[in-house]
Amino acid sequence: MITFKEIKWKNFLSTGKNFTSIDLAKNRSNLIVGSNGKGKSTLLDAITFVLFNKPFRKINLPQLVNTINGADCVVELTFTTNNNDYKIVRGIKPKVFEIYENNSMLQQSAAVKDYQEYLENHILKMNYKAFTQIVVIGNATYMPFMKLSPADRRTIVESFLDIDIFTKMNGLLKTKIIEIKEKINDTNYKFELSKEKITMLQNILCNTEDNIEGKIEVNNNLIQQKEKELHDKNRKITKLNSEISSIMFNQEEAIKLSSKLNKLSTYINTFNTKQKALNKDITFLESNDSCPTCTQLIDVEFKSTKLLEKKDNLSKLLEATSNANNELIAVQSKLNELLSNDEQIKNRKAAIEKIEIELNFIDREIKKIQEDNTTLLAEKKQNLDKNKAEYEVLLKENIELSQFRDNLINDQHINSIASILLKDDGIKTKIIKYYLPTMNKLINKYLHSLDFYVNYNLNENFEEVIVNPAKESFTYNSFSEGEKLRIDLAILFAWREIAKAKNSANTNLLIMDEIFDSSLDGAGVDDFMKILETIVDDTNIFVISHKGDILFDKFSNIIRVDKVNGFSRIV
């Protein structure tokens, strides 16, 4: 329950720079009187302004500041609720909005709207509409419950039944559902992107592995070719070595043959020289009978003997020369054969050296290819390790996204069910249906207390059916202004009683502005006062009227408002 204690204001509307104060909890029934224009209704504007930043009557905020002083407009209100003391201070020129809890000012939010919402939702637990339906009632601007639209009627009832929380929850839930839907869409996008990354990485893994394996296979084939070349060349070397082993070559014999060949050549040359000399002597002996130098005749016998001797020597020399030539040819042949074998051996050794160079080159090529394979295997392992780690991260992320999406979908399903329950035709309708019989019963009780004997029935759509004793059905607009006022008052008191039972919009305060100055006749006033007397003792009632002469004896406290030197004050 909210117990309002004191309100005071200054430079507010027609009041001056000194605070005007009213004790809201001192007297049970209070009558505020004064002639028109003196400031009787200032209390209504002050209390709604300090609580909700708007006056009760249709007055612009700048017009609330006293026109003479023009500044320092302040309203202060103290109350208790939930075992805490509160003071609200609100002002214009300068602009002020402060909330004190147990003498400590609450930290102000960055936005005044948030500060106001905290006041209404967490401290007062009612909004302006509810407040002006069950706490502050004004004849001039008060909108009776029955003149409200069904939607506004529902809002008022939900507020004092303390089920407007479901409306707020539904609003928050709608936002949450939108957020979840956006998160699901975002998660679906991330999930599909993650799947694409995993597929792409798998393809990269396969392609990389296949590519490296392909290169290694090519290298292995090349190694096999090189090793076959090595094998073939080693076979050639073996064959050449075998051929070299099979070729006979005696160096000493070759030297001997060469020496012998030289000697034979010398002998033949000598034999040829001697042969020429003998042929010359034979020709001389055969051609001459005397010596050409001394002209002495040559003895025939001597000549014949010498000629035979010379010819015999020439014959022997020719035979020796022929034998030497034959031997020279045989030695040359043997030497040529030996020299030919040596050349063959040299050629084969040169071929072996060439093949060995090729073998070294091939061996280096094989080692280089093997090193390339080692590098490829290391690269393969490195890529596999790297991609495997990335794959595991992506797979984990994909699983987490899938689980997160499933949780979101589950939340979406739960929130959809909750949304159905929180709609107007859900839990709230069931609660309202539960309370409707009590509401109608209380409204009819107060109608009968006001000597208005009709049966009022409000359905779950907040549409009224009013039946008179003759069983004739009427609507609210079918009645006179006085009868409408009785219905409005009956609904007002019923709402207050239900709110008190629910402890939602339960306060000690009831302010009514000029209710008795409109449609209630004398009998209606008496009936109304009877209702006021039935209200429990913890309610402080303030009635504003300019017909104080007929009401003085009906209230325990009289507050008279008048203007002095242009400023309204309590006198």
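Just so we're clear, the structure is a prediction, and the values are computed from it rather than from any experiment. Reckoned from all heavy atoms, side chains included, excluding hydrogens, waters and symmetry mates.
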Student check: side-chain heavy atoms of Q370 and I366 closer than 4.5 Å: yes
Going by ring pair (Phe, Tyr, Trp, His ring centres under 6.0 Å), name the residues that satisfy it together with F52, two or more places apart in sequence or in a different chain. Y128, F131
For I2 versus L124, what's the shortest heavy-atom pair and its separation? CD1-O, 3.5 Å
Can you list every ring-ring contact (aromatic ring centres under 6.0 Å, His included) pair that touches residues 192-216, not counting sequence neighbours? none
Residues P150 and N461: closest non-hydrogen pair is CB-O, 3.8 Å
Between K236 and D232, does any NZ, NE, NH1 or NH2 come within less than 4.0 Å of an OD or OE carboxylate oxygen? no
Quick one: does T507's side chain get under 4.5 Å of M126's, heavy atoms only? yes
Sequence neighbours left out, what pairs pass side chain to side chain donor-acceptor pair (under 3.5 Å) with at least one residue falling in residues 405-416? N188-R405
For the student: nearest non-hydrogen atoms of L436 and N459, plus distance: CD1-C, 3.5 Å
Any salt bridge (Lys or Arg N to Asp or Glu O under 4.0 Å) involving residues 70-88? Give me the pairs, sequence neighbours left out, ordered by first then second residue. K5-D85, K8-E76, K10-D72
Residues in side chain to side chain donor-acceptor pair (under 3.5 Å) contact with E365, at least two apart in sequence or another chain: K226
Contacts satisfying salt bridge (Lys or Arg N to Asp or Glu O under 4.0 Å) that involve residues 184-194 (not counting sequence neighbours) are D186-K190, E192-K195
Does a side-chain heavy-atom distance below 4.5 Å link K129 with L148? no
Excluding sequence neighbours, so at least two apart, what forms ring pair (Phe, Tyr, Trp, His ring centres under 6.0 Å) with F404? none
Atom CD1 of I216 and atom CG of L222: how far apart are they, to the nearest 0.5 Å? 13.5 Å
Can you confirm whether V96 sits close enough to V74 that some side-chain heavy atom of one is under 4.5 Å from a side-chain heavy atom of the other? no
C73 and L64 have their tightest heavy-atom pair at SG-O, 4.0 Å
Tell me every residue that passes side chain to side chain donor-acceptor pair (under 3.5 Å) with D281, counting only those two or more places apart in sequence or in another chain. K310
Does NZ belonging to K274 count more than 12 external heavy atoms closer than 6.0 Å? no
N360: partners by side chain to side chain donor-acceptor pair (under 3.5 Å), with sequence neighbours left out: none
Name of the residue among Y118, F49, Y115 meeting ring pair (Phe, Tyr, Trp, His ring centres under 6.0 Å) with F97: Y115
Minimum heavy-atom distance between K54 and L61, given as atom pair plus value: CA-CD2, 4.4 Å
Could you list the residues that satisfy salt bridge (charged side-chain N to carboxylate O under 4.0 Å, His left out) with E120, not counting sequence neighbours? none
Residues A71 and V65: closest non-hydrogen pair is N-CG1, 3.5 Å
Which residues pass the side chain to side chain donor-acceptor pair (under 3.5 Å) test with N326, not counting sequence neighbours? none
Just wondering, more than 12 heavy atoms not from Y267 lying within 6.0 Å of its OH? no
Considering residues at least two apart in sequence or located in another chain, which fulfil the ring pair (Phe, Tyr, Trp, His ring centres under 6.0 Å) criterion with Y86? F79
